[in-house]
Amino acid sequence: MIAQAAELAEAARAAAKLAYAPYSGFHVGAALLFADGAVVAAANVENASYGLSLCAEASAAAKAMGEGRRGGLVAIAIAGGRTDAAGDVVLGAEPVMPCGRCRQMLHELAALGGTDPVVIGVATSRFTEVALSALLPHAFGPANLA
Ligand code: THU
């Protein structure tokens, strides 16, 4: 368990509250922790043309890279669930783990800095931690094009 897991989980949960998810009703937040201590968080952004929707992890990776970050990715927390009447995200019993496309997007950012970040899935009463390399073994990445 990384020291900042609880703080990062809370950042992911706060981001999930800001999701634009009127079609699925499923709010997801992703918080990326960098080696310099910075946290970049974002939520899923859906579209009336459903297939164009962006996952929280993809939004967060794009946000971080758009801010100029190229590596230094230490950890990623993901929190997802439906909202209650007050607009709070109710986490599920099972943690949300990144979809296949998002694993690839996170790998790009991690590979640029040579890190293997821990992915933290946030559920109601527990965290699941797994290395990104275990979620995407034998990944294709920047090194393949060098
Ligand atoms: N979603 C994420 O943002 N991240 C995931 O890891 C899984 C799915 C979003 C996409 C869509 O807006 C909604 O959750 C339902 O699939």
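Start at 1 with the first residue, then count along the sequence. Reckoned from all heavy atoms, side chains included, excluding hydrogens, waters and symmetry mates.
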Short side-chain to backbone donor-acceptor contact, Asp84 and Gly87, under 3.5 Å: yes

Can you tell me if His27 uses its side chain to pair, donor with acceptor, with the backbone of Gly81 under 3.5 Å? no

Apart from Leu145 itself, what residues make up its hydrophobic cluster, given side-chain heavy atom links below 4.5 Å? Phe140

Let me see the working for Asp116 and Ser133 under side-chain hydrogen bond (donor to acceptor under 3.5 Å, both in side chains), right down to the final yes or no. CA-CA 6 Å; Asp116 184 12; Ser133 63; 2.6 Å; yes

Should Tyr20 and Leu52 be counted in the same cluster of Ile, Leu, Val, Met, Phe, Trp and Tyr side chains packed under 4.5 Å apart? no

For Met65, the rest of its hydrophobic cluster, which grows through side-chain links under 4.5 angstrom: Phe26, Val28, Leu32, Phe34, Val40, Leu73, Ile76, Ile78, Val96, Met97, Leu106, Leu109, Leu112, Val119, Val130, Leu132, Leu135

Counting C-beta onward and ignoring hydrogens, is there a side-chain heavy-atom pair between Arg126 and Pro95 closer than 4.5 Å? yes

Can you check whether Asn47's main-chain N or O pairs, donor with acceptor, with Ser53's side chain at less than 3.5 Å? yes

Check: Arg69 side chain, Ala64 main-chain N or O, donor-acceptor pair, under 3.5 Å: no

Under 3.5 Å: donor-acceptor pair, side chain of Arg82, backbone of Ser24: yes

If we ignore hydrogens and angles and just use 3.5 Å, is the side chain of Thr83 paired with the main-chain N or O of Val89 as donor and acceptor? no

For Glu46 and Tyr23, indicate whether the former's side chain and the latter's backbone hold a donor-acceptor pair under 3.5 Å. yes

Could you see if Val39 belongs to whatever hydrophobic cluster contains Leu18? Use Ile, Leu, Val, Met, Phe, Trp, Tyr and a side-chain cutoff under 4.5 Å. no

